Amino acid sequence: MKRTFLAAFMAAAVATSLVAPVSFAAEAPPTKVSRYQAGYYHFKLGDFEVAALSDGTLPIPTLKLLTNAQPGEVKTRLADTYQTTEVDASVNAYLIRAGDRLILMDAGTGELYGPTLNKLEASLKAVGVTPEQITDILITHIHTDHTGGLMDGKRLVFPNATVHIEQKEVAYWLNPENRARAPEAAKKYFDEASAKVQPYVDAGKVKTFSGATELFAGIRSIPAPGHTPGHTFYALESKGEKLVFWGDLVHVAEVQMPNPGVTIVFDVDPKAAAATRKKAFADAVKGRYWVAADHISFPGVGHLRRDGSGYRWIPMTYVNDHYEAK
């Protein structure tokens with residue numbers, strides 16, 4: 001049974017049916033072929049090594065979620081890209097090797113959004129990294145499709161990591177008064193934030209920052225409010241190259257690239273979110289730098305270019321030139 005992103009937010013997980021093993025030759029013994037996609041993609045940016053990591057995908061009902069669009073706009077734009085109005089959204093995270101530090105950009109969903117997600121730990125292990133080796137986690141914002149993977153029940157999944165979060169995010173999501181004022185349907189998001197982030201606060205493993213801050217050599221934060229009060233980009237720069245991690249700036253690229261004014265129901269401040277998106281799109285074109293987004297189709301890395309009154313996504317070219325020394 002397929003589940004939508006909205007249903008994942010509003011209800012408990014349900015099981016999906018499994019795909020039968022595949023056999024390629026009738027004469028040969030049955031051969032099982034993995035149903036799972038590769039969950040990582042390596043690339044270099046200056047002196048940094050980066051790996052895009054997949055936490056999985058989930059279909060989202062765009063007509064129910066996207067707002068501030070013209071009548072028929074969402075359906076038309078998606079039809080132009082050979083898609084229906086239920087779009088398979090990626091949930092991406094990113095690993096940065098910076099000297100002796102292993103820095104994770106966002107932490108995936110954990111168990112909160114159903115069985116087609118919660119693959120981040122497996123993707124990490126596929127690139128030869130265990131959760132215990134992660135030294136730092138940069139959180140773009142506390143929505144639990146970005147922080148759900150921090151905890152497995154009562155267990156800290158990343159016990160040796162310092163979690164870096166904009167202080168406005170902590171002040172908003174972990175404040176009981178904000179939870180009390182929230183609509184009843186929204187209280188669960190505060191509860192999930194408390195369950196996933198508060199244990200790291202209690203363990204002294206959360207380090208907050210405010211505004212534009214250099215966190216490590218070549219890595220700095222960029223305020224990007226709107227989607228949430230402390231939503232943050234992170235810029236990675238080395239040897240004249242630049243990559244900006246966008247977090248949740250974009251949810252449905254095929255609609256929001258040509259029309260950056262389209263918002264989503266999860267925006268805490270939709271007007272501010274749209275303004276941030278318009279500014280970020282224009283800056284990415286002007287600066288000609290790489291961008292990485294958590295919900296653009298995996299690996300979620302590419303460039304933007306102007307296309308009429310909007311923008312067009314140019315994905316990073318796939319390269320498979322790595323080899324093992326004999």
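Predicted model only: the values in this text are computed from it and were never measured.
Between the side chain of E49 and the main chain of R97, no donor-acceptor pair closer than 3.5 Å is present. A donor-acceptor distance shorter than 3.5 angstrom exists from the side chain of S221 to the backbone of G211, with no hydrogens or angles considered. T276 contributes a side-chain N or O that, together with a main-chain N or O of P225, makes up a donor-acceptor pair within less than 3.5 Å. Here the side chain of R277 pairs a donor or acceptor atom with the backbone of V262 at under 3.5 angstrom. In this structure a side-chain-to-backbone donor-acceptor pair under 3.5 Å is missing from R101 to T135. A donor-acceptor pair is defined here as one N or O able to donate and one able to accept, closer than 3.5 Å; no such pair exists between the side chain of T208 and the backbone of Q167. Judged purely by atom type and a 3.5 angstrom limit, D267 has no side-chain atom pairing as donor or acceptor with the backbone of G226. Using a distance-only test at 3.5 Å, with no hydrogens or angles considered, a donor-acceptor pair links the side chain of T213 to the main chain of S210. A donor-acceptor distance shorter than 3.5 angstrom exists from the side chain of Q256 to the backbone of H251, with no hydrogens or angles considered. Of the possible donor and acceptor atoms, none in the side chain of E169 sits under 3.5 Å from a partner among the backbone N and O of H141.
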Worked check of side chain to side chain contact (heavy atoms under 4.5 Å, CB included) between V50 and K44: CA-CA 6 Å; V50 183; K44 288 203 71 174; over 6 Å; no
Does the side chain to side chain donor-acceptor pair (under 3.5 Å) test come out yes or no for D106 and T140, once each step is laid out? CA-CA 6 Å; D106 283 335; T140 59; 2.8 Å; yes
Show your reasoning for whether side chain to side chain donor-acceptor pair (under 3.5 Å) applies to S54 and Y41. CA-CA 9 Å; S54 175; Y41 181 64; over 6 Å; no
Show your reasoning for whether side chain to side chain donor-acceptor pair (under 3.5 Å) applies to T109 and D55. CA-CA 7 Å; T109 63; D55 190 48; 2.9 Å; yes
Does the salt bridge (charged side-chain N to carboxylate O under 4.0 Å, His left out) test come out yes or no for E111 and K196, once each step is laid out? CA-CA 11 Å; E111 80 291 351; K196 296 296 187 174; 2.9 Å; yes
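Annotation for R155: atom CZ counts as buried by contact number, over 12 foreign heavy atoms lying within 6.0 Å. Other residues, nucleotides and ligands contribute more than 12 heavy atoms inside 6.0 Å of the NZ atom of K205. Within a 6.0 Å sphere centred on CD of Q70, heavy atoms belonging to other residues, nucleotides or ligands number 12 at most. Within 6.0 Å of NZ in K187 there are more than 12 heavy atoms belonging to other residues, nucleotides or ligands.
With sequence neighbours left out, the side-chain contact (heavy atoms from CB on, under 4.5 Å) criterion links D191 to R179.
The heavy-atom pair separating V265 from K64 by the smallest distance is CG1-O, 3.8 Å. Taking both residues in full, the closest heavy atoms of E241 and G46 are given as OE2-N, 3.0 Å, listed atom of the first, atom of the second, then distance. Taking each heavy atom of V127 and H42 in turn, the nearest pair found is CG1-NE2, 3.7 Å. For the residue pair A193 and T144, the shortest heavy atom distance occurs at N-CG2, 3.9 Å. When every heavy atom of F158 is checked against every heavy atom of G149, the shortest pair comes out as CE1-O, 3.5 Å. In this structure, V157 and Y200 approach most closely via the heavy-atom pair N-OH, 3.4 Å.
Contact of the I296 side chain with the V291 side chain is not registered, since no non-hydrogen atoms from C-beta on lie closer than 4.5 Å. Looking at heavy atoms from C-beta onward, R220 lies in side-chain contact with E237 at the 4.5 angstrom threshold. Side chains of L65 and F266 form a contact here, defined as non-hydrogen atoms less than 4.5 Å apart. Between E254 and W313, the closest side-chain pair of non-hydrogen atoms is not below 4.5 Å. W290 has its side chain within reach of V301: a pair of non-hydrogen atoms, C-beta onward, lies under 4.5 Å apart. Here the side chains of V206 and I165 are in contact, with some heavy-atom distance below 4.5 Å. Using a 4.5 Å heavy-atom cutoff, the side chains of V91 and Y113 are not in contact. The closest side-chain heavy-atom distance from I103 to M105 is not below 4.5 Å.
Under the 4.5 Å side-chain heavy-atom criterion for grouping Ile, Leu, Val, Met, Phe, Trp and Tyr, L249 is connected to V244 within one hydrophobic cluster. Follow the hydrophobic side-chain contacts under 4.5 Å out from L150 and you reach W173 in the same cluster. Following chains of ILVMFWY side-chain contacts shorter than 4.5 Å, one can reach V319 starting from M316, so the two form part of one hydrophobic cluster. I222 and L236 fall into different hydrophobic clusters, where Ile, Leu, Val, Met, Phe, Trp and Tyr are joined by side-chain heavy atoms under 4.5 Å apart, directly or via other members. Linking ILVMFWY side-chain heavy atoms closer than 4.5 Å, directly or via other members, places L120 and V129 in a single hydrophobic cluster.
Rounding to the nearest 0.5 angstrom, the gap separating the CZ atom in F216 from the CZ atom in F48 is 10.0 Å. Atom-to-atom distance recorded for D145:CG and L58:CG is 10.0 Å, nearest 0.5 angstrom. Put simply, CG on L45 and NZ on K242 are 11.0 Å apart, with the number rounded to the nearest 0.5 Å. Note that the CG atom of L138 and the CG atom of L104 stand 8.5 Å from one another [nearest 0.5 Å]. The structure places CG of L243 at 7.5 Å from CD1 of I96, a figure rounded to the nearest 0.5 Å. Residue T130 holds its OG1 atom at 9.0 Å from CD of E121, rounded to the nearest 0.5 Å.
Below 30°, between 30° and 60°, or above 60°: for Y94 and F245 the angle between ring planes is between 30° and 60°, a tilted geometry. Using cut-offs of 30° and 60° for the angle between ring planes, the H146 and H295 rings count as perpendicular.
Counting only residues at least two apart or in different chains, ring-ring contact (aromatic ring centres under 6.0 Å, His included) contacts with residues 267-289 comprise W246-F281, F281-Y311. Pairs passing the ring-ring contact (aromatic ring centres under 6.0 Å, His included) check and including a residue from residues 59-83, sequence neighbours excluded, do not occur.
For the residue pair D136 and H164, a side-chain donor N or O sits within less than 3.5 Å of a side-chain acceptor on the partner. Judged by distance alone, the side chains of T85 and T62 never bring a donor and an acceptor atom under 3.5 Å apart. No hydrogens or angles considered: nothing links the side chains of T84 and E86 as a donor-acceptor pair under 3.5 Å.
In summary, of the residues considered (T232, V170, V163, V197), a side-chain contact (heavy atoms from CB on, under 4.5 Å) with I139 occurs for V163 alone.
Proximity of the aromatic rings of F190 and Y172 is defined here by a centroid distance below 6.0 angstrom, and this criterion is met.
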